[in-house]
There are 2 protein chains.
Amino acid sequence: MLLSKSCVYGLRATLLLASYQNGGYTSIKDLSNKLDISFHFLTKILQQLTAAELLESMKGPKGGVRLSGESSDITLREVVIAIDGPDIFTECVLGLPGCGSEKPCPMHAMWAETRDDIEQMLQTTSLEDMSKEGMEQDLRITADGHFVWGEP
Amino acid sequence: MLLSKSCVYGLRATLLLASYQNGGYTSIKDLSNKLDISFHFLTKILQQLTAAELLESMKGPKGGVRLSGESSDITLREVVIAIDGPDIFTECVLGLPGCGSEKPCPMHAMWAETRDDIEQMLQTTSLEDMSKEGMEQDLRITADGHFVWGEP
DNA sequence: ACTATTTAAGAGTAATATGTCTTAAATATA
DNA sequence: TATATTTAAGACATATTACTCTTAAATAGT
Ligand code: FES
Ligand code: FES
């Protein structure tokens with residue numbers, strides 16, 4: 001898998017949050033229910049996003065998490081890097097150290113281009129872009145889709 | 001990581017084998033030494049490639065493995081599928097079941113295209129292509145490169 | 001026939017990723 | 001202040017991947 005499960009869960013949660021464009025806090029319990037993700041596991045993942053300042057959190061009743069800024073200002077790339085780290089955009093497809101150095105691997109030419117394409121795609125796509133598409137075209141971010149876009 | 005370590009090891013080994021265009025058997029011990037891969041682990045991986053009929057093996061002294069056909073006839077895609085399975089070319093980037101069905105995920109449009117590009121690249125690149133490039137441009141398939149292309 | 005060499009097969013171990021549970025700290029509300 | 005609710009943090013458990021070790025089977029050479 002290109003992205004870890006943690007990363008996928010992080011994307012699902014931030015996409016759903018992005019569709020709640022009310023600026024209020026949403027409890028992780030609520031997110032985990034809607035997205036069918038283990039509450040404690042999702043909590044850990046969102047903590048990483050909070051540490052990366054992509055989310056803001058508040059404890060206590062009425063607490064929860066919310067996007068730290070406009071959903072149009074947060075890119076998929078930022079979410080991916082916050083969880084899986086930046087290396088996936090620089091690593092050799094054959095796992096060799098120092099990809100792109102003076103002595104690359106035979107697959108470097110083809111891979112580096114594709115890898116940059118992926119990074120570019122994620123870089124130029126905001127949470128708003130994806131959540132809007134999800135809403136407008138009634139797309140899925142869970143297996144069975146028993147959540148509703150834009151309804152906190 | 002896009003490819004598992006097993007898959008990467010399989011690619012390294014088949015690329016090196018492809019540069020030995022003599023049709024003889026090369027012992028796995030020799031490959032594991034040259035490629036800095038655990039002998040027993042590499043053996044298991046190459047067994048998968050033998051089962052998939054990409055390699056032929058022979059036991060006993062003078063035994064070993066060799067490509068089952070011309071290196072120009074074996075694609076990187078075949079090696080990848082034999083080890084990591086075909087799913088990486090059909091899976092949803094968000095891990096949802098049934099990618100591409102009537103209700104895809106918001107990232108489907110961007111991902112499906114990139115995923116197909118990757119498959120196409122691997123499909124249209126043969127072991128010969130890569131090993132030739134490796135030889136001609138003195139490229140790496142190990143961390144320190146203390147192997148020599150084309151020298152069994 | 002015997003021995004050395006090599007792949008085949010499977011059990012066992014270690015490392016990492018994924019998921020669960022418990023306790024602590026913060027905060028809103030009564 | 002007291003209580004309920006919620007995130008934070010870390011220990012713990014399970015699953016998957018990566019790797020190791022042992023034994024069996026086949027084959028070439030003596
Ligand atoms: S060196 Fe292998 S992909 Fe860059
Ligand atoms: S449904 Fe998600 S990538 Fe196809």
Side-chain angles (χ1 to χ4, degrees), chain A residues 1-14 17 24-68 80 83-85 87-88 91 94-95 152, chain B residues 1-14 17 24-68 80 83-85 87-88 91 94-95 152:
Chain A
M1 218 174 353
L2 178 76
L3 305 174
S4 71
K5 276 200 151 186
S6 293
C7 188
V8 164
Y9 291 166
L11 283 168
R12 290 189 202 172
T14 49
L17 277 175
Y25 288 101
T26 305
S27 79
I28 300 176
K29 189 76 201 166
D30 187 58
L31 289 172
S32 73
N33 283 334
K34 292 212 170 77
L35 295 172
D36 285 314
I37 303 171
S38 143
F39 165 70
H40 290 290
F41 194 36
L42 183 58
T43 297
K44 290 211 164 304
I45 294 162
L46 298 189
Q47 275 172 23
Q48 294 181 258
L49 295 179
T50 303
E53 299 190 320
L54 296 178
L55 296 183
E56 289 170 354
S57 70
M58 192 174 66
K59 294 177 180 176
K62 306 280 180 185
V65 295
R66 68 180 179 198
L67 298 181
S68 65
V80 168
I83 297 176
D84 278 351
D87 289 356
I88 68 168
E91 272 171 349
L94 290 183
Chain B
M1 213 172 359
L2 178 75
L3 305 174
S4 70
K5 276 201 150 186
S6 293
C7 187
V8 164
Y9 291 166
L11 284 168
R12 290 190 201 171
T14 49
L17 277 175
Y25 288 102
T26 305
S27 79
I28 300 176
K29 189 78 203 165
D30 186 58
L31 289 171
S32 74
N33 282 335
K34 292 213 170 75
L35 295 172
D36 285 314
I37 303 172
S38 144
F39 164 70
H40 290 290
F41 193 35
L42 183 58
T43 297
K44 290 215 161 302
I45 295 162
L46 298 190
Q47 275 171 24
Q48 294 181 258
L49 296 180
T50 303
E53 299 191 319
L54 297 177
L55 296 184
E56 289 170 354
S57 70
M58 193 174 64
K59 293 177 180 176
K62 305 280 181 185
V65 295
R66 69 180 177 196
L67 298 182
S68 65
V80 168
I83 298 174
D84 278 351
D87 289 357
I88 68 169
E91 272 171 349
L94 290 184

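Reckoned from all heavy atoms, side chains included, excluding hydrogens, waters and symmetry mates. All figures in this text were calculated on a predicted structure; none of them were measured in a lab.
- Here D:dC19 presents its P atom at 14 Å from CG of B:Leu35, a figure rounded to the nearest Å.
- For B:Leu3 and D:dT17, the CG to C1' distance is 15 Å, given to the nearest whole Å.
- Atom CZ of A:Phe41 and atom C1' of D:dA11 are 16 Å apart (whole Å).
- We find the CD-CG distance between B:Glu56 and B:Leu49 to be 13.0 Å, quoted to the nearest 0.5 Å.
- Separation of atoms CG (B:Leu46) and OG1 (B:Thr26) is listed at 10.5 Å; rounding is to 0.5 Å.
- Note that CG of A:Leu94 is 7.5 Å distant from CG of B:Leu3, once rounded to the nearest 0.5 Å.
- Put simply, CG on B:Asp84 is 11 Å from C1' on D:dT17, counting in whole angstrom units.
- Here the C1' atom of nucleotide D:dT27 and the CD atom of B:Glu56 are 16 Å apart, to the nearest Å.
- Distance check: B:Leu35 CG to B:Leu17 CG gives 8.5 Å after rounding to the nearest 0.5 Å.
- Contact between the side-chain N/O atoms of B:Tyr9 and the OP1/OP2 oxygens of D:dC19 is found at a separation under 4.0 Å.
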Under-3.5 Å N/O pairs linking protein and nucleotides 6-9 of chain D:
| residue | atom | partner | partner atom | Å |
| --- | --- | --- | --- | --- |
| D:dT6 | O4' | A:Gly60 | O | 3.3 |
| D:dT6 | O2 | A:Gly60 | N | 3.3 |
| D:dT7 | OP1 | A:Ile28 | N | 2.6 |
| D:dT7 | O3' | A:Ser57 | OG | 3.2 |
| D:dA8 | OP1 | A:Ser57 | OG | 2.7 |

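- Atom CD1 in B:Ile83 sits about 13 Å away from atom P in D:dC19, given to the nearest Å.
- To the nearest angstrom, C1' of D:dT20 lies 15 Å from CD1 of B:Ile37.
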Worksheet item: B:Leu67 and B:Leu54: side-chain contact (heavy atoms from CB on, under 4.5 Å), yes or no, with the steps?
Response: CA-CA 6 Å; B:Leu67 298 182; B:Leu54 297 177; over 6 Å; no
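- For the atom pair NZ (A:Lys5) and CD1 (A:Ile83), the distance works out to 14.5 Å, reported to the nearest 0.5 Å.
- Phosphate proximity of C:dT20 to A:Ser38: present, with a side-chain N or O under 4.0 Å from OP1 or OP2.
- One interatomic measurement links the two molecules: CD1 of B:Ile45 to C1' of C:dA9, which rounds to 15 Å at whole-angstrom precision.
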